[in-house]
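Side-chain atoms are counted along with the backbone in the values below, which use heavy atoms only and exclude waters and symmetry mates. Computed from a predicted structure; not experimentally measured. One-based numbering along the sequence shown.
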Amino acid sequence: MTSASTPLRGRDDARGGSIAPILVAASNPGDQELLDAMPIAAGIFTLNAGKLWVQALNRRFFALAGCDGSAETFQELFHRYGAGPGGDFLRAFLKRPAEARDELDLVEGEGLGRRFLKLKAAPLPPAPGGVARCMLSVVDRTIEVQAENNLRAEMLRDSLTGLPNRLGFTEMIGEAGERPVGAIGADGTVRPVGHAVLVVDMLRFSRINESMGSLFGDELLITFARRLVSALRAGDRLARTGGNEFGVIVTLRRGIDDALKAAERIQDVLAAPFTLADLEIKVECAIGAAMMSEGADPEELFRSAQFAVKQAKALGAPQLYKPEEASLARRRFSIETELRRALDKDELTLSYQPLVDLQSGRVSGFEALARWNHADRGEISPTEFIPVAEESGLILHLGRWAMDRAARTLADWDLAEGSPLPVRLGVNLSAIQIARDDIAEVVGSALRSSGLSGDRLTLELTESSIVQDPQRAQRVFEALKALDAMVAMDDFGTGYSSLAYLQRLPIDVLKIDRSFVTGMMGDADSVAIVRAVLSLADALGMSTTAEGVESIELATTLAALGCVSGQGYYFARPLEADAALDFFRSRQRPA
């Protein structure tokens, strides 16, 4: 290092003061040895009378600055950097080292020549006269930062299509929300525009991939992405957010209309068949959209668009996210969690609705109905929690519980009366139970534990549970008949009725759906349907039960048409076990 006995000439800084000249000779001989021993660029700086001075530098500092050891050249750099963030950082540290930050990330230059430097300050004992000193070390992190940026770019990019991936799309949503764009109107003012997030789901892709192979599937995805690009306008952005799912950020100038038109435009572009490997493939898609609002969380916004996609699949048309529907979905999820706990804690109950013989007025049976009185929510309707149980698979647990509880209740009634009651107890079976559970074992176990015979139970199944898998349904029916149980077809006439099922399956009872029964008094067609069902049941040797009997006129009309039994509020609402037994006793007296 060269030395000088007098300081180099200083220059005025932008603040109107003076940046002190550079002293290339160390005031302390040991300082230079310390600096030269360091493996990184380092220097010793002082603050005297509010002015920044360089006391000593090592050769690595000169090399990093690109001065080739020239103090004169370095003085030009020192003047420039001393007036910027680096100089402010050093002044603050030298004034109050205990309070000021001791590190600074500094970006130098622009474009490809940009460098990323890390400055680290450490206090040194003051110079004679109490002048504050510090050591400044500088590390060039350019290569490291560039590697990090390249790695991050790879992390945010889909390797197959070259589009941004799921993580990159979320960042794109955040950027769109932070930097809203605007359109300049005729009057020169900027009209703010909004954004919408669209999710495009390619339907049946898994089937195509499985039948044609993954390479064919990859080619289809790439072609699909190119088609999507052609459907976008300037300013719209596309990403691949999943295996067969793409995300689009659409710029909106006319609000919701733009979002829906973008969805229609995408569907139109994708309507033409894809030609791959001499094959023409028709690809359909489901599109969901969510409007971006100020301060919206990007992840939540994306999930909202995905939720709309599920609705689009069910309805067959692009759908806009509706918060109220998402709220219902969250409630269903909450009910699923709480239903699982309620089943574990045995918090559900069964109520029993009487079936009354329309000729004698006596009780011929009961239907067991699950009830849930939630500690906080109050009474939760079966129409709400039964579908949740079916969707989640909890219906298997619920079905087994209901079968055991119903059989035990009937056994308790027999014990209370001192002899078996002349009634049958109906228990509903879900299509999910038919498909997944061993129904014969479920019923057999309930009969064994209660001591009942199979002819005391009636198992009620809907038409849909039969249609989904007729062969399995027939095996279940035969197994139930082997236990001497009766089988009833519930809600007859509302599903996929087939005379072939009625003829082939060992069905004992047809239950006429309440939608036909309640309309009988004012609708001739309903009367005709009920009369036809009763005639059909009579021809096949089946008994009949009418649901939804809510007036004496309905009960009388059904009895005149030949219906065997009725069930509805005219007779009684679903009752607790003790009340149901009392109702049976009261009806044993002749009407």
Can we say [X] and [Y] salt-bridge, meaning some charged N sits less than 4.0 Å from an Asp/Glu carboxylate O?
X: Arg204; Y: Glu210; result: no
X: Lys118; Y: Glu144; result: no
X: Glu108; Y: Arg115; result: yes
X: Asp344; Y: Arg341; result: no
X: Arg157; Y: Glu154; result: yes

Please check this pair: side chain of [X] against backbone of [Y], looking for a donor-acceptor N/O pair closer than 3.5 Å.
X: Arg166; Y: Gly242; result: no
X: Lys282; Y: Ala271; result: yes
X: Asp490; Y: Glu460; result: no
X: Asn165; Y: Leu167; result: yes
X: Ser551; Y: Leu554; result: yes
X: Arg514; Y: Glu547; result: no
X: Gln353; Y: Ala572; result: yes
X: Arg573; Y: Leu575; result: no

Separation of [Y] [atom2] from [X] [atom1] (nearest 0.5 Å):
X: Ile222; Y: Asp158; atom1: CD1; atom2: CG; result: 9.0 Å
X: Phe89; Y: Asp102; atom1: CZ; atom2: CG; result: 6.5 Å
X: Thr251; Y: Met292; atom1: OG1; atom2: CE; result: 9.0 Å
X: Asn244; Y: Cys285; atom1: CG; atom2: SG; result: 11.0 Å
X: Leu232; Y: Leu238; atom1: CG; atom2: CG; result: 5.5 Å
X: His195; Y: Glu175; atom1: NE2; atom2: CD; result: 11.0 Å

Least distance between heavy atoms, [X] atom then [Y] atom:
X: Phe93; Y: Ala100; result: CA-CB, 3.8 Å
X: Ala305; Y: Val197; result: CB-O, 3.7 Å
X: Asn209; Y: Gly217; result: OD1-CA, 3.4 Å
X: Leu348; Y: Ala342; result: CD1-CB, 3.5 Å
X: Ala259; Y: Leu198; result: O-CD2, 4.2 Å
X: Ala290; Y: Leu301; result: CB-O, 3.8 Å

query: Listed by chain and number, what are the side chain to side chain donor-acceptor pair (under 3.5 Å) partners of Thr337, not counting sequence neighbours?
result: none
[X] vs [Y] side-chain heavy atoms within contact, under 4.5 Å:
X: Asn428; Y: Glu367; result: yes
X: Gln433; Y: Leu396; result: yes
X: Val442; Y: Asp438; result: no
X: Leu279; Y: Met212; result: yes
X: Pro85; Y: Leu106; result: yes
X: Val283; Y: Leu270; result: no
X: Val533; Y: Phe516; result: no

- request: Scan Arg332, Arg331, Arg377 and name whichever one has a salt bridge (Lys or Arg N to Asp or Glu O under 4.0 Å) with Glu384.
  value: Arg331
query: Given the rule in the side chain to side chain contact (heavy atoms under 4.5 Å, CB included) test, do Phe302 and Val199 qualify, once you have shown the distances and angles that lead to the verdict?
result: CA-CA 8 Å; Phe302 180 74; Val199 171; 3.8 Å; yes
So does [X] have more than 12 non-hydrogen atoms from other groups sitting under 6.0 Å from [atom1]?
X: Lys345; atom1: NZ; answer: no
X: Gln146; atom1: CD; answer: yes
X: Glu284; atom1: CD; answer: no
X: Ile256; atom1: CD1; answer: no
X: Glu110; atom1: CD; answer: no
X: Glu576; atom1: CD; answer: no
X: Ile143; atom1: CD1; answer: no
X: Gln471; atom1: CD; answer: no

message: Centre-to-centre under 6.0 Å for Phe224 and Phe205, is that the case here?
response: no
- request: Step by step, work out the side chain to side chain contact (heavy atoms under 4.5 Å, CB included) result for Met520 and Leu558.
  value: CA-CA 9 Å; Met520 285 178 60; Leu558 287 165; 3.7 Å; yes
- request: Provide the full list of ring pair (Phe, Tyr, Trp, His ring centres under 6.0 Å) pairs with a residue in residues 371-404, sequence neighbours left out, each pair given once.
  value: Trp372-His374, Trp372-Phe385
Pair Leu220-Leu276, side chain to side chain contact (heavy atoms under 4.5 Å, CB included): steps then yes or no: CA-CA 7 Å; Leu220 177 59; Leu276 299 172; 3.7 Å; yes
- prompt: Under the side chain to side chain contact (heavy atoms under 4.5 Å, CB included) criterion, do Ile507 and Phe477 qualify, and how do the steps go?
  reply: CA-CA 8 Å; Ile507 299 171; Phe477 276 51; 3.5 Å; yes
- request: Consider only side-chain N and O atoms of Asp201 and Gln306, and report whether a donor and an acceptor are under 3.5 Å apart.
  value: no
- prompt: Are Ser392 and Glu336 close enough that a side-chain donor and a side-chain acceptor fall under 3.5 Å?
  reply: no
task: For residues 217-237, pull every pair meeting side chain to side chain donor-acceptor pair (under 3.5 Å), keeping only residues two or more places apart or in separate chains.
output: none
